[in-house]
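Given the structure is predicted, the values throughout are model-derived calculations rather than measurements.
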Amino acid sequence: MEASARITCEFLGLHEGDTALLCMSLDYIAGKMMVVRSLVCGLRLISVSPSGLPYWEGTIDFAAMVPLQVWNLLHNTEGRERLKQIRNLIIGGGAIDEALELELQDFPNTVWSTYGMTETLSHIALRRLNGVEHSLFYKPFNDVTVSLNEEQCLVINAPAVCDRTLITNDIAELSEQGFRILGRKDNVICSGGIKIQIEEVERLLRPHLSTPYIVTRARDEKFGEVVVLLIEGTSDDAQQICHRVLPKYWQPRRIVTVPHIPMTETGKPARAEAERLAIPLGRSQELL
């Protein structure tokens, strides 16, 4: 934990006496690591009650938040201004929506998306979300090396924070800039021999579908598995949008309307529940 704290503070250029904001629960590693960073690097820790809309006073040099907290602050006039005053903001604990990322583009200070896991004691790489250094790729810390295995899953070697090589379930792409996460290995649909990454289908649809939706799979006698689109309420143009923006083999074979898109308590897509709902009990539309 001490090594992880030093790596983050060095990467962000934090110094003794800088202010750090603790606005997350100490029940989770993200909250614990804010305390450890402050102890190890001599930061002045300001603690506020964990909340979906945290409140603090004064200028903050370093803060860590989950996407929901950032979204709530952005849509609160006073909160948005306070958010802009944070010199280094890291966001983790969930996927960052493209719309949220777009809202952060003009922020004057640095905003980062984190990549890490429990085994690495918080993050091992950061991705810049705003400014001219904005990137789709995560930049690993100096002592971290990454590679891909035969399944194209990310392999992490971070000896300072973990004494073994970690093989993740994240399908990734490597470049000179770092690595980009395409989706989870268990979120791959194999339809007629074609491998389709669920998150990539959702990403392509995001700019075009305003109604809440989730992409999932269903068993199929002919193809093995097929792509299914669950959509909240009704969307008469969903079929046309899918045909227009998705590659032929990525297009849903079925569109199912549901009252609400299933989500976990932490605001992430409830994939298992979505698969259950893909067996239509209500209104569905079979596509050719």
| Is there a side-chain contact between Leu83 and Asn76, using heavy atoms and a 4.5 Å cut-off? | no

| message | Can you tell whether the side chains of Arg271 and Glu275 come within less than 4.0 Å, N to carboxylate O? | response | no

| request: Taking only Lys NZ, Arg NE, NH1 and NH2, and the carboxylate oxygens of Asp or Glu, determine whether Glu78 and Arg82 approach each other closer than 4.0 Å. | output: yes

| Can a salt bridge be assigned to the pair Lys185 and Glu150 using a cut-off of 4.0 Å between side-chain N and carboxylate O? | no

| message | If you apply the rule salt bridge (charged side-chain N to carboxylate O under 4.0 Å, His left out), what do you find for Arg184 with Glu200, and how did you get there? | response | CA-CA 10 Å; Arg184 299 280 293 176; Glu200 284 292 280; over 6 Å; no

| request: For side-chain contact (heavy atoms from CB on, under 4.5 Å), just list the numbers for Gln69 and Leu53, CA-CA rounded to whole Å, side-chain angles, deciding distance to a tenth of an Å, and then say yes or no. | output: CA-CA 6 Å; Gln69 290 175 312; Leu53 185 64; over 6 Å; no

| message | Heavy-atom count check: over 12 atoms from other residues, nucleotides or ligands less than 6.0 Å from Tyr55 OH? | response | yes

| query | Under 6.0 Å from the NZ atom of Lys84, do we count more than 12 heavy atoms belonging to anything else shown? | reply | yes

| request: Let me see the working for Leu230 and Thr216 under side-chain contact (heavy atoms from CB on, under 4.5 Å), right down to the final yes or no. | output: CA-CA 7 Å; Leu230 299 188; Thr216 186; 4.1 Å; yes

| request: Working to the nearest 0.5 Å, report the span between CG of Leu209 and CG of Leu204. | output: 11.0 Å

| message | With a 4.0 Å cut-off on N to O distance, would you call Glu101 and Arg127 a salt bridge? | response | yes

| query | Taking everything shown except His208 itself, do over 12 heavy atoms lie less than 6.0 Å from its NE2? | reply | yes

| said: Against Ile7, only a single residue in Leu12, Asp143, Val144 fulfils side-chain contact (heavy atoms from CB on, under 4.5 Å); can you say which? | reply: Asp143

| remark: Rounding to 0.5 Å, atoms NE2 (His123) and CD1 (Ile91) come to a distance of 12.5 Å

| query | So how far is it from Glu103 CD to Leu74 CG, rounded to the nearest 0.5 Å? | reply | 5.0 Å

| Do Ser38 and Arg44 come within less than 4.5 Å of each other through their side chains, counting heavy atoms only? | no

| task | Could you walk me through whether Ile86 and Asn109 pass the side-chain contact (heavy atoms from CB on, under 4.5 Å) test, one step at a time? | result | CA-CA 7 Å; Ile86 299 174; Asn109 296 313; 5.9 Å; no

| Quick one: does Thr110's side chain get under 4.5 Å of Arg128's, heavy atoms only? | yes

| task | Take atom CZ of Arg203 as the centre, draw a 6.0 Å sphere, and report whether it contains more than 12 heavy atoms from other residues, nucleotides or ligands. | result | yes

| query | Does Gln177 reach the side chain of Ser135, with side-chain heavy atoms less than 4.5 Å apart? | reply | yes

| task | Start with the C-alpha distance between Glu173 and Leu182, add both sets of side-chain angles, then the distance that settles side-chain contact (heavy atoms from CB on, under 4.5 Å), and finish with yes or no. | result | CA-CA 7 Å; Glu173 172 189 344; Leu182 302 179; 4.2 Å; yes

| said: Can you confirm whether more than 12 heavy atoms, excluding those of Glu81, are under 6.0 Å from its CD atom? | reply: yes

| request: Starting from the C-alpha separation in whole Å, work towards a yes-or-no answer on salt bridge (charged side-chain N to carboxylate O under 4.0 Å, His left out) for Arg6 and Glu2. | output: CA-CA 6 Å; Arg6 292 192 186 281; Glu2 181 179 348; 3.1 Å; yes

| Side chains of Arg37 and Leu39: does their closest heavy-atom pair fall under 4.5 Å? | no

| message | When you compare the side chains of Glu199 and Asn187, does any donor N or O come within less than 3.5 Å of an acceptor on the partner? | response | yes

| query | Should the pair Phe179 and Tyr138 be assigned to parallel (<30°), tilted (30 to 60°) or perpendicular (>60°) ring geometry? | reply | parallel

| Asn142, CG atom: more than 12 neighbouring heavy atoms under 6.0 Å | no

| request: Provide the closest heavy-atom pair for Met24 versus Val66 in the form atom of the first, atom of the second, distance. | output: SD-CG1, 3.9 Å

| More than 12 foreign heavy atoms under 6.0 Å from CZ of Arg80: is that the case here? | yes

| Given Trp250, which of Ile189, Val201, Leu205, Val227 fulfils the side-chain contact (heavy atoms from CB on, under 4.5 Å) condition? | Val201

| Gap between atom CD1 of Ile90 and atom OG1 of Thr114 - 0.5 Å precision | 6.0 Å

| Any Leu129 side-chain heavy atom under 4.5 Å of Trp112 side chain | no

| field | Value rounded to 0.5 Å, distance of CZ in Phe137 from CD in Glu176 | value | 10.5 Å

| said: So Leu154 and Tyr115, do their side chains get closer than 4.5 Å, heavy atoms only? | reply: yes

| task | Find the distance between SG (Cys153) and CD1 (Ile171) and round it off to the nearest 0.5 Å. | result | 4.0 Å

| Out of Leu45, Leu43, Asp18, which residue meets the side-chain contact (heavy atoms from CB on, under 4.5 Å) rule with Phe62? | Leu43

| said: Are Cys23 and Met65 packed together at the side-chain level, in the sense that at least one heavy-atom pair is separated by less than 4.5 angstrom? | reply: yes

| query | Under the 3.5 angstrom rule, does the side chain of Lys139 hit a backbone N or O of Gly178 as a donor-acceptor pair? | reply | no

